[in-house]
S.K.: 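This is the structure I want to talk about, given as structure tokens.
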Amino acid sequence: MSAPFRLKPREHLADPVRKRALNAQLFETVAPRYDAITRGLSFGRDRAWKDRLIAALPPFPAPDCLDLACGTGDLAFRLARRYPAGRVLGLDLTPAMIALARARSGRDPRVRFEVGDLGRTGLPEASFDVVTGGYALRNAGDLDEAIAEAFRVLRPGGVAAFLDFSKPPGRAAQALERALLKFWGGVWGLALHGNPDVYGYIADSLAVHPDRRALARRFAAAGFEARMSRTFFFGVVEISLLRKPAETERA
């Protein structure tokens with residue numbers, strides 16, 4: 001059984017090193033219930049959003065795919081079904097998540113999972129055709145570092161797709177969204193862990209995250225082309241589809 005989660009998210013989110021440590025402990029705590037809680041928090045819509053992300057990807061014949069902050073493997077397994085001739089690597093900071101993903105993968109040689117940091121993967125440059133992340137970038141210790149790393153490991157012409165909670169422009173909308181997420185996450189945190197901070201973390205992490213317009217500017221600053229942005233659940237969740245320009249387009 002994992003140790004109880006005792007850190008206060010608000011006190012750790014401003015510093016990349018402390019945020020990374022916070023995430024390591026938080027997701028180690030929630031790993032055994034992660035799949036159930038994502039369904040509960042999303043009112044059962046999480047699977048549909050992930051299906052939408054995968055459906056938005058282009059029809060590569062046999063791509064190399066990287067799923068960042070892969071959790072228990074939901075997107076990684078969807079990538080394997082989307083691209084039967086492709087290969088998929090899932091990375092996650094939390095060993096408990098990787099253990100669960102490996103247990104789900106069986107003997108499929110196309111899919112493998114490794115412990116790794118989405119901001120510093122250590123993977124070769126331009127080695128993937130597809131990069132995905134479900135609830136990934138918001139949890140990065142350094143957001144710009146993580147975006148740059150996703151761009152670095154993509155081959156020219158490759159695509160990145162991210163699903164995450166989305167922060168709306170405007171203080172009033174942000175305050176309302178944070179209050180709702182804080183309440184709903186707190187309910188689940190108390191019910192499952194006796195601690196509202198466990199899932200109240202979502203609201204706290206979103207408070208220090210860029211709003212969706214500012215996030216789009218960060219993608220562009222890293223070199224990405226925006227291909228699609230779609231919000232769901234009254235704007236609380238967003239899918240972003242991005243492309244790394246081909247070398248001829250960047251010249």
S.K.: Between atom CG of Leu22 and atom CG of Asp197, what is the distance when rounded to the nearest 0.5 Å?
M.R.: 9.5 Å
S.K.: Could you list the residues that satisfy side-chain contact (heavy atoms from CB on, under 4.5 Å) with Ala175, not counting sequence neighbours?
M.R.: none
S.K.: Between the side chain of Arg110 and the main-chain N/O of Pro84, is any donor-acceptor distance below 3.5 Å?
M.R.: yes
S.K.: If we only count heavy atoms from C-beta on, is the Asp204 to Arg178 side-chain gap below 4.5 Å?
M.R.: yes
S.K.: Could you give the distance from CD (Glu114) to CG (Leu123), rounded to the nearest 0.5 Å?
M.R.: 9.5 Å
S.K.: Can you list the residues that meet the salt bridge (charged side-chain N to carboxylate O under 4.0 Å, His left out) rule with Asp64, with sequence neighbours excluded?
M.R.: Arg87, Arg155
S.K.: Taking it one step at a time, do Tyr83 and Asp129 satisfy side-chain contact (heavy atoms from CB on, under 4.5 Å)?
M.R.: CA-CA 11 Å; Tyr83 301 114; Asp129 303 290; over 6 Å; no
S.K.: To check you understand the geometry: which heavy-atom pair defines the closest contact between Ala80 and Val88, and what is its length?
M.R.: N-CG2, 3.9 Å
S.K.: List the atom of Pro168, the atom of Glu177, and the distance in Å for their closest heavy-atom pair.
M.R.: CD-OE1, 3.1 Å
S.K.: Testing the 3.5 Å rule here: is there a donor-acceptor pair between the side chains of Asp74 and Tyr34?
M.R.: no
S.K.: Give me the ring orientation class for Phe224 and Phe219: parallel if the planes are under 30° apart, tilted from 30 to 60°, perpendicular past 60°.
M.R.: perpendicular
S.K.: For a quick test of reading the model, state the closest non-hydrogen atom pair linking Ala62 to Ala85 and the distance between them.
M.R.: CB-O, 3.4 Å
S.K.: How about Ser105 and Phe77: do any of their side-chain heavy atoms sit closer than 4.5 Å?
M.R.: yes
S.K.: Please step through side-chain contact (heavy atoms from CB on, under 4.5 Å) for the pair Thr121 and Arg152, ending with a clear verdict.
M.R.: CA-CA 10 Å; Thr121 66; Arg152 184 188 71 82; 3.7 Å; yes
S.K.: If you round to the nearest 0.5 Å, how far is CG of Asp164 from OG of Ser205?
M.R.: 7.5 Å
S.K.: Verify the cluster assignment for Leu100 and Leu68: are they in a single hydrophobic cluster under the rule of side-chain heavy atoms below 4.5 Å apart?
M.R.: no
S.K.: Taking a hydrophobic cluster as the set of Ile, Leu, Val, Met, Phe, Trp and Tyr residues connected by side-chain heavy atoms closer than 4.5 Å, whether directly or through intermediates, do Leu190 and Tyr201 fall within one such cluster?
M.R.: no
S.K.: About how many Å separate CH2 of Trp188 and CZ of Arg33, when rounded to the nearest 0.5 Å?
M.R.: 10.5 Å
S.K.: Compare every heavy atom of Glu28 with every heavy atom of Pro95, then report the nearest pair and how far apart it is.
M.R.: CD-OE1, 3.8 Å
S.K.: Which side-chain N or O atoms in residues 226-233 pair as donor and acceptor under 3.5 Å with protein atoms at least two apart or in another chain?
M.R.:
residue: Arg227; atom: NH2; partner: Glu225; partner atom: OE1; Å: 3.4
residue: Ser229; atom: OG; partner: Glu238; partner atom: OE2; Å: 2.4

S.K.: How many angstroms lie between CG in Leu66 and CG in Leu75, if you round to the nearest 0.5 Å?
M.R.: 11.5 Å
S.K.: Report yes if some heavy atom in the side chain of Val30 is under 4.5 Å from a heavy atom in the side chain of Ile37; otherwise report no.
M.R.: no
S.K.: How far apart are the C-alpha atoms of Phe43 and Trp184, what are their side-chain angles, what is the distance that settles it, and do they pass the ring-ring contact (aromatic ring centres under 6.0 Å, His included) test?
M.R.: CA-CA 11 Å; Phe43 294 93; Trp184 189 231; 4.9 Å; yes
S.K.: What's the spacing between Arg243 CZ and Leu154 CG if we round to 0.5 Å?
M.R.: 10.5 Å
S.K.: Give the cluster check for Leu163 versus Leu93: same hydrophobic cluster or not, with ILVMFWY residues linked at side-chain heavy-atom distances below 4.5 Å.
M.R.: no
S.K.: State which residues pass salt bridge (charged side-chain N to carboxylate O under 4.0 Å, His left out) with Asp92; sequence neighbours excluded, sorted by chain then number.
M.R.: none
S.K.: In terms of hydrophobic clusters joined by side-chain contacts under 4.5 Å, are Phe165 and Leu241 together?
M.R.: yes
S.K.: Heavy atoms, side chains only, cut-off 4.5 Å: are Arg212 and Pro169 in contact?
M.R.: yes
S.K.: How about Leu118 and Asn139: do any of their side-chain heavy atoms sit closer than 4.5 Å?
M.R.: no
S.K.: Are there more than 12 heavy atoms of other residues, nucleotides or ligands under 6.0 Å from atom CZ of Arg112?
M.R.: no
S.K.: Can Leu57 be reached from Phe60 by stepping across I, L, V, M, F, W or Y side chains whose heavy atoms are under 4.5 Å apart?
M.R.: yes
S.K.: Using the test salt bridge (charged side-chain N to carboxylate O under 4.0 Å, His left out), find all partners of Arg218 that sit at least two apart in sequence or belong to another chain.
M.R.: Asp144
S.K.: A side-chain contact here means heavy atoms from C-beta on lying under 4.5 Å apart; do Val187 and Phe183 qualify?
M.R.: yes
S.K.: I need the single residue from Lys19, Gln25, Arg20 that forms a side chain to side chain contact (heavy atoms under 4.5 Å, CB included) with Asn23. Which is it?
M.R.: Lys19
S.K.: Would you mind reporting whether Arg104 and Asp35 have side-chain heavy atoms less than 4.5 Å apart?
M.R.: yes
S.K.: Between the side chain of Arg102 and the main-chain N/O of Phe113, is any donor-acceptor distance below 3.5 Å?
M.R.: yes
S.K.: Is there a salt bridge (Lys or Arg N to Asp or Glu O under 4.0 Å) between Asp211 and Arg213 once you walk through the steps?
M.R.: CA-CA 6 Å; Asp211 68 44; Arg213 292 177 184 169; 6.0 Å; no
S.K.: Should side-chain heavy atoms under 4.5 Å link Ile, Leu, Val, Met, Phe, Trp and Tyr, which residues sit in the same cluster as Leu180?
M.R.: Leu176
S.K.: If you compare all heavy atoms of Cys65 against all heavy atoms of Leu79, which two are closest, and at what distance to 0.1 Å?
M.R.: CB-CD1, 4.0 Å
S.K.: Give a yes or no on whether the backbone of Arg39 and the side-chain of Ser42 come within a donor-acceptor separation of less than 3.5 Å.
M.R.: yes
S.K.: Looking only at non-hydrogen atoms, find the nearest pair between Val198 and His193 and report the distance.
M.R.: CG1-CD2, 3.7 Å
S.K.: Are any side-chain N or O atoms of Lys244 and backbone N or O atoms of Phe151, one a donor and one an acceptor, separated by less than 3.5 Å?
M.R.: yes
S.K.: Run the salt bridge (Lys or Arg N to Asp or Glu O under 4.0 Å) test on Arg120 and Glu145 for me, step by step, so that the C-alpha distance in whole Å, both residues' side-chain angles and the decisive distance to 0.1 Å come before the verdict.
M.R.: CA-CA 8 Å; Arg120 301 175 183 179; Glu145 179 183 66; 2.9 Å; yes
S.K.: If we only count heavy atoms from C-beta on, is the Asp46 to Tyr135 side-chain gap below 4.5 Å?
M.R.: yes
